[in-house]
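Working notes, beginning with the structure itself.
Here is the naming used below: chain letters follow the sequence lines, and residue numbers restart at 1 for every chain. Hydrogens, waters and symmetry mates play no part in the numbers below; they use all other heavy atoms, side chains included. Computed from a prediction, not measured in an experiment: that's the story for all the values here.
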Amino acid sequence: MTTLHDLMNAPAPASAWVLAQDCAETGLDPADIRAEMRRRIGEMRASVERGLASDARSITGMVGWNAKGLWDAPDVLNAPLLRRVQAYAMAVNEENARMGRIVAAPTAGSAGTIPGALLGVADHLGLPDERLIDPMILAAGVGKAISRRMFISGAAGGCQAEIGSSAAMAAAAVVELLGGTPRAAVHAASLALMNTIGLVCDPVGGYVEVPCVSRNAFFAVHAVSAAQLALAQLESFIPPDEVVGAMASVGRLMPAELRETAEGGLAQTPTGLAVTARMEGRGEEGGMIELPMV
Amino acid sequence: MGVAYTSPMSLLDMIGPVMIGPSSSHTAGACRLGLVAHHLLGEAPRRASIGLHASFAKTGRGHGTHLALVAGLLGYAPDDPRLPRAFEEAEAAGLTVEFRDVDLGDVHPNTAHLEVQGDTGRVTVQGSSTGGGVILVTHVQGLGVNFSGAAPTLLLRYTDAVGMIARIAATVAADGVNIATLTCTRAARGGQALVAIELDAPLSSEALAFLGRWPDADWVRLLPKLMDG
């Protein structure tokens, strides 16, 4: 299976090489993968649009209005790319939290990062969705190379495994979209990963809402930052595969309380515990809870 | 260094699945477990009893795990927009479901045990949702198996006897289909045995009908590929 080192040294564009390798392994037809990837970009696009337009609350009532709130607010920083990337990312994760239709990338909890970064940059620059197919294939290739060495789930490796992977995948995709080399794309992924190491998974009540929704906004921007550094030829001092190994080892050192069990961190704050108690007190789906005022 | 996946993952496993939120493991994976039971029952489900283990029991409700399992039983894929309304759809379809918390022992925390009855048949399925919407089915009809639904899978229950595996493999080969993986378990020597064969392509209806006519095979099913990657 492909390593990040292999990817980094692949002939440009890296996505073409990733696609050829994948089809050799799985026996799938490259044209089918490209067509399906195009369809999934459309699904991502639709989830962004629904999320930006809706302020309906999630199952718990903790999230639901953040993406629309940011999108409708004045751009006081005069930073349209920043606002777009953040709003797109949260739009997808709020759709996810209200049981809308999204594309896991690589997981549902981290589903906003890639659309936030990649669709956000493309829209900022006025690039059509057809241009996103190859970068998305490279993103998937980076995810596969990471999953070769670690489980991509919060339960196995903490949030670093989920949002770190999605940010690394997004960073590489943005680099390819902007014409960067395979080397720059993989270094962008590595920079994104090494600056995510240690992040725990401590969701309030165990729900994919807090901090997951805002976290996708932060890490979509993180991915764009990594791409910016790598496109300026900055590199990860630690080789990319070693960074993945370091992240995997930190995941193994992480106590179970901080790996998606809601037994530590934000989940165990007084407010987090109050939310959990109220949700467990309810028997059925639907409805909302009164949030404690803080 | 742990290797995350034993079989090659497709790029479409990384950007995907397209799914109803909020959790790839607790929603999409749960739906696929229900879908396995749906296909293996092979008729409209009427009654289901679903045991939820560990994390599925503890945090399932807020993740739509119950809805997703029922959606799967109704034959809905993880991206079906009807998934959030699965309870109402089940009622309309005449399906009654009960949930219980169970301790299935030393298994993955996201594991469910499903007993499903139709008008004529009954199926039991136990499986785990291992992350990103990927599942691993570990028991069917009470016997051990090991398949993911990523490939068409032939299941055949028969009376343990010399040469059965060879006959089954020969039938699959005569149909021009390659075997990817095969697991076989039995309750006892000469007792009930179950073979689960992951295939590179679906078996023809003729081959399936041929297997179904064997007097020593009492249950044959072809699970279609559940992943679109």
Side-chain angles (χ1 to χ4, degrees), chain A residues 1 18-19 22 25-28 33 36-37 39-40 43 58-60 93 95-109 111 114 136-137 139-144 146-153 155-156 169 205-209 245 248 252 260-262 279-280 282 284-285, chain B residues 1-5 7-29 54-55 58-68 71 78-81 83-88 108-110 129-134 150-151 178 180 200-201 227-229:
Chain A
M1 260 174 101
V18 163
L19 187 58
D22 189 68
E25 274 175 29
T26 61
L28 296 171
I33 301 238
E36 181 58 23
M37 213 52 105
R39 188 180 78 81
R40 291 184 182 188
E43 291 279 358
S58 63
I59 299 169
T60 67
N93 281 83
E95 270 298 284
N96 183 58
R98 60 172 84 96
M99 296 194 82
R101 191 161 132 134
I102 55 96
V103 184
T107 61
I114 292 174
M136 202 65 85
I137 286 168
V142 167
K144 253 182 88 165
I146 293 170
S147 74
R148 183 176 173 272
R149 300 189 75 167
M150 63 186 292
F151 280 109
I152 297 182
S153 78
M169 292 160 70
Y207 303 107
V208 193
E209 300 189 9
R252 284 193 296 276
E260 212 177 338
T261 53
M279 287 305 289
E280 286 177 354
R282 288 190 319 110
E284 285 305 311
E285 253 74 22
Chain B
M1 183 62 59
V3 174
Y5 299 98
S7 56
M9 298 266 305
S10 151
L11 296 171
L12 297 173
D13 295 320
M14 284 291 144
I15 303 293
V18 180
M19 55 167 280
I20 303 299
S23 167
S24 45
S25 55
H26 284 68
T27 321
S55 177
K58 203 174 157 203
T59 69
R61 205 164 283 281
H63 286 127
T65 303
H66 304 64
L67 289 166
D79 67 341
D80 195 306
L83 191 151
R85 302 193 310 269
F87 291 164
E88 291 90 325
H108 192 282
N110 298 331
S129 175
T130 59
V134 177
N178 187 41
D200 282 349
M227 328 291 240
D228 44 12

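For the options A:Ala104, A:Pro106, A:Gly100, heavy-atom pairs under 4.5 Å to chain B are most numerous at A:Ala104. Heavy-atom pairs under 4.5 Å with chain A peak, among B:Pro81, B:Gly16, B:Pro84, at B:Gly16.
When heavy atoms are compared at a cutoff of 4.5 Å, A:Ile114 approaches chain B solely by way of its side chain, counted from C-beta outward. Looking at B:Ser23, the atoms closer than 4.5 Å to chain A (heavy atoms on both sides) sit in the backbone and in the side chain alike. Contacts between A:Arg98 and chain B at a heavy-atom distance below 4.5 Å are absent for every atom of the residue.
The minimum heavy-atom distance linking A:Ala108 with B:Met19 is given by the pair CB-CE, 3.8 Å. In plain terms, the two heavy atoms of B:Ile15 and A:Val103 that are nearest each other are C-CG1, 4.0 Å. What you find for B:Met14 and A:Met169 is that their closest heavy atoms are O-CE, 4.0 Å. Of all the heavy atoms in B:Ser10 and A:Thr26, the pair that sits closest is CA-CG2, 4.2 Å.
To the nearest 0.5 angstrom, B:Asp13 atom CG is 8.5 Å from A:Lys144 atom NZ. Between the CG atom of A:Leu28 and the CG atom of B:Leu11 there is a distance of 8.5 Å, given to the nearest 0.5 Å.
Of the possible polar contacts, one joining the A:Asn96 side chain to the B:Pro22 backbone as a donor-acceptor pair under 3.5 Å is found.
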Pair B:His26-A:Val208, side-chain contact (heavy atoms from CB on, under 4.5 Å): steps then yes or no: CA-CA 10 Å; B:His26 284 68; A:Val208 193; over 6 Å; no
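Using a 4.5 Å heavy-atom threshold, the side chains of B:Leu83 and A:Arg101 count as separate.
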